[in-house]
Protein chains: 2
Amino acid sequence: MKWVRAPAVVGHSGGMATTPRPGAHHCGIDAAMDVIGGKWKVLILWALNDHPRRFGDLRRTLPGITEKVLTDHLRELEADGIVDRQAHPVTPPHVEYSLTPLGRSLNTALAPLGDWGREHVLNA
Amino acid sequence: MKWVRAPAVVGHSGGMATTPRPGAHHCGIDAAMDVIGGKWKVLILWALNDHPRRFGDLRRTLPGITEKVLTDHLRELEADGIVDRQAHPVTPPHVEYSLTPLGRSLNTALAPLGDWGREHVLNA
DNA sequence: CTGTATCCTCGGGGATACTG
DNA sequence: CAGTATCCCCGAGGATACAG
């Protein structure tokens with residue numbers, strides 16, 4: 001989500017000697033939030049959980065998302081090492097997106113949150 | 001974060017008979033994301049995890065946040081049943097914010113995500 | 001089919017000043 | 001101390017058209 005955080009120090013503790021990079025994080029959760037903070041990120045993660053999907057497949061799975069936004073989010077997730085992009089140079093183009101091991105571990109870490117939402121927010 | 005989602009149906013499954021409310025969610029994760037989607041929400045949750053805090057205390061704990069934004073987020077978290085606001089009618093005013101049981105359960109569900117972020121994003 | 005290229009909207013968030 | 005009240009910016013996200 002490209003939030004550039006102010007020098008928030010919640011968990012305080014020892015200071016990070018050398019600030020990792022501009023827009024540094026300060027605790028695990030907001031670091032993770034930066035990765036999954038896009039409007040459709042978690043939905044993409046979820047959609048990719050069971051098996052790889054092609055671009056058009058994803059678009060159809062996420063009604064309402066535009067090509068531009070889907071591309072943007074996929075590129076960011078790819079840059080973060082969450083999803084893997086496999087392009088087969090044929091005509092018509094054939095591209096498959098899948099979760100990397102890191103992406104799978106993220107999805108696992110997301111599960112409790114999903115359970116929480118299902119139990120406490122949904123089924124009102 | 002007040003995103004009004006399009007009719008996304010990732011987890012498919014049976015359809016929600018009666019749509020819960022405008023801006024409905026469709027799986028636990030994005031339902032949860034709606035609750036913690038503010039820029040400072042998870043930081044507030046984190047700050048409140050160990051013990052209640054007063055308004056000014058929170059503001060000092062979250063360097064960079066403004067009164068307006070802190071108030072907005074606290075009001076939203078309160079509306080979502082995540083934080084509890086206890087005002088003591090004295091002068092000067094004394095107000096304490098704390099996590100509700102629901103808030104504590106949310107924080108627990110957030111923990112794995114925090115671990116993930118700490119392990120895979122931080123300490124680059 | 002899988003994307004680019006443009007342009008634009010909109011509201012979350014920030015800055016600042018003020019009040020009970 | 002604990003907030004309101006205003007005004008405003010900016011960029012993520014959307015709409016649309018086009019391309020290899």
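Computed from a predicted model, the values in this text were never measured in an experiment. Naming: A, B, ... by sequence-line order, numbering from 1 per chain.
Counting non-hydrogen atoms under 4.0 angstrom, B/Arg54 reaches the backbone sugars and phosphates but no base.
With rounding to whole Å, B/Arg59 atom CZ is found 7 Å from D/dC1 atom P. As a whole-Å value, the separation of A/Arg53 CZ from C/dT2 C1' is 17 Å. Rounded to an integer number of Å, the gap from CG of B/Leu58 to P of D/dA2 is 10 Å. One interatomic measurement links the two molecules: CG of B/Asp72 to P of C/dG11, which rounds to 15 Å at whole-angstrom precision. For B/Ile44 and C/dG13, the CD1 to C1' distance is 13 Å, given to the nearest whole Å. Taking atom NE2 of residue A/His94 and atom C1' of nucleotide D/dG20, one finds them 18 Å apart after rounding to whole Å. D/dA15 atom P lies 11 Å from atom CD1 of A/Ile65, rounded to whole Å. Between the CD atom of B/Glu76 and the P atom of C/dG11 there is a distance of 14 Å, given to the nearest Å.
For A/His73, a side-chain nitrogen or oxygen approaches OP1 or OP2 of D/dG13 to under 4.0 Å. Considering only side-chain N and O atoms, B/Tyr97 lies nowhere under 4.0 angstrom from the phosphate OP1 or OP2 of D/dC1. Residue B/Arg85 has a polar side-chain atom (N or O) positioned under 4.0 Å from OP1 or OP2 of D/dG3.
Under the 30°/60° scheme for interplanar angles, the aromatic rings of A/His88 and A/His94 are found to stand perpendicular.
Using a 4.0 Å cut-off between a side-chain N of Lys or Arg and a carboxylate O of Asp or Glu, A/Asp72 and A/Arg75 do not qualify as a salt bridge.
The backbone N or O of B/Glu78 sits nowhere less than 3.5 Å from a side-chain atom of B/Arg85 that would complete a donor-acceptor pair. Judged by distance alone, with hydrogens and angles left aside, the side-chain atoms of A/Asp34 form no donor-acceptor pair with the main-chain N or O of A/Ala31 at under 3.5 Å.
When all heavy atoms of A/Leu122 and B/Gly28 are compared, the closest pair comes out as CD1-N, 3.8 Å.
If you check C/dT2, D/dG14, C/dG13 against the side chain of B/Val69, the one that comes closest is C/dG13. Between D/dG20, D/dC1, C/dG14, one nucleotide has an atom nearer to the side chain of B/Pro93 than all others, and that is D/dC1.
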Listed pairs, N/O of protein and of nucleotides 4-10 of chain D, under 3.5 Å:
from, atom 1, to, atom 2, distance (Å)
D/dT4, OP1, B/Arg75, NH2, 2.8

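Contact check for B/Ile36 versus B/Ile82: no side-chain heavy atoms found under the 4.5 Å cut-off.
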Which atom pairs, one a donor and one an acceptor, fall under 3.5 Å between side chains of residues 105-112 of chain A and the rest of the protein, sequence neighbours left out?
from, atom 1, to, atom 2, distance (Å)
A/Ser105, OG, A/Leu102, O, 2.6
A/Ser105, OG, B/Trp116, NE1, 2.9
A/Thr108, OG1, A/Arg104, O, 3.0

